[in-house]
Novice: 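Shown below is the structure under consideration.
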There are 2 protein chains.
Amino acid sequence: MTTLDETDLEILRLLVEDARRPYSDIAERVDRSAPTVSDRIDRLREIGVVRRFTVDLDRSTFTEGAEVLVELELEPAAGDRIAEGLAAVDAVEHVLTTADARLFAVATVRPERVRSMLANAIDLSRVESLRVHLLEDRVWSPHVGDADLALECDECGSTVTGGGHSLELDGRRYHFCCPVCRSRFEERYASLSESA
Amino acid sequence: MTTLDETDLEILRLLVEDARRPYSDIAERVDRSAPTVSDRIDRLREIGVVRRFTVDLDRSTFTEGAEVLVELELEPAAGDRIAEGLAAVDAVEHVLTTADARLFAVATVRPERVRSMLANAIDLSRVESLRVHLLEDRVWSPHVGDADLALECDECGSTVTGGGHSLELDGRRYHFCCPVCRSRFEERYASLSESA
DNA sequence: GATGAAATTAGTTCAAG
DNA sequence: CTTGAACTAATTTCATC
């Protein structure tokens, strides 16, 4: 896991919101120059944090058919091939596979065509159960975790307010809601390191 | 539903793939000038086909926690409020609600924090069942339907190759794999209209 | 790493078909 | 609905800190 500084996170947040925002605008908001923003974005692409610049489309405005969520229970061994088969289908936008051998696919398709779409894309004999949910609403709200705002205490889990109590151990920063939690965590960490 | 021409669809495809591609580059590929591409993209934004320009992030490179799919079965009346509550949570990226009163949310969170995250975001008393799936893989493959390439016959469902056999009835165009399917469809349509 | 100034490249406006 | 030419704006390079 890469550790990004607050400037990188803010750049990501601004790009998620509007990837066409001029670098000069981003630069102003993060209090750096435009070339710096350009360099950092290049770096974020190189290390794979930014997969690509893209557009979020509302398919319902130009595609026939309804959005459906297809839920498959698979033979444990079949997962990867089936996921690939589905991802290649034009109507399928998302494919999720779970550790418990299920697969969820979001597709835009006429409901009466779901079966034939599946039959063409994958080997249905390796599917143990199939459910199709009609989607009513779909929200994509990409957030970038804000290290200073929506943080949970690493000791007790409650929300950390203010910027107060943190601790760096072995190159990773931990955050706490109060000094009590911080010292408890510190003690546990010390005895853990000792026994290792 | 808006009808987009083949040029619009190709522009969308190119933008989905790389939204930073210069307009001159897009212009060349769709055989139009850069100002035309600019105008069309503006129009696509205005009519809501393009929701926004954004970046696709690989959160696993910089976020702690695993990706999970939370599946809730809701009291039928509770859907919207609960979806809103979840979408507002920083760790939650997607929220899907289904016609059968289920809700699916994709989140990046430490698995032992899922319960507390849900308890903070929503009223759990309105949730009838809760399942958490650990996600193994997640693929986003945004396609833009190609009207000429990946079309299914409106009579028999098989793939339509070539541009041959189509029919316009009451303002909507239907596509067929062969003239036989076209005339069968035409007959059924005629008798259907008659009885209505 | 970061910067300002210069050079390059991209995007938009506009008059016209 | 489209275009080429002119104009405006954004991005990258580079010398320097």
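Everything numeric in this text was worked out from a predicted model, so none of it was measured. Letters go in sequence order (proteins before strands), and every chain restarts at 1. Because only heavy atoms are used, hydrogens play no part in the values below, and waters and symmetry mates are left out as well, while side chains stay in.
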Novice: Does B/R43 pair with B/D8 as a salt bridge, N-O distance under 4.0 Å?
Specialist: yes

Novice: If the helix axis at each end comes from five base pairs, how far does the helix from C/dG1-D/dC17 to C/dG17-D/dC1 deviate from straight, to 10°?
Specialist: 30°

Novice: Sugar-phosphate means primed atoms, P, OP1 and OP2; the rest is base. With that split, encode nucleotides 12-17 of chain C 5' to 3' as B, S or - using protein heavy atoms under 4.0 Å.
Specialist: SB----

Novice: For A/R40, report the nucleic acid contact type (base, sugar-phosphate, nothing); a contact means any heavy atom under 4.0 Å.
Specialist: sugar-phosphate

Novice: Applying side chain to side chain donor-acceptor pair (under 3.5 Å), name anything that partners B/E17, two or more places apart in sequence or on another chain.
Specialist: B/R21

Novice: Counting heavy atoms not belonging to A/R115, are there more than 12 under 6.0 Å from its CZ?
Specialist: no

Novice: Just wondering, are more than 12 heavy atoms of other shown residues or ligands nearer than 6.0 Å to CG in B/D5?
Specialist: yes

Novice: Would you confirm whether B/H133, through its side chain, and A/A101, through its main-chain N or O, come within 3.5 Å as a donor-acceptor pair?
Specialist: no

Novice: Strictly below 4.0 Å, N to O, side chains only: are B/R131 and A/D100 in salt-bridge contact?
Specialist: yes

Novice: Distance check: side-chain N/O of B/S33 vs OP1/OP2 of D/dG4, anything under 4.0 Å?
Specialist: no

Novice: Could you pull out the closest heavy-atom pair between B/I122 and B/I82, with the gap in Å?
Specialist: CG2-O, 3.7 Å

Novice: Does a side-chain N-to-carboxylate-O contact under 4.0 Å join A/E64 and A/R113?
Specialist: no

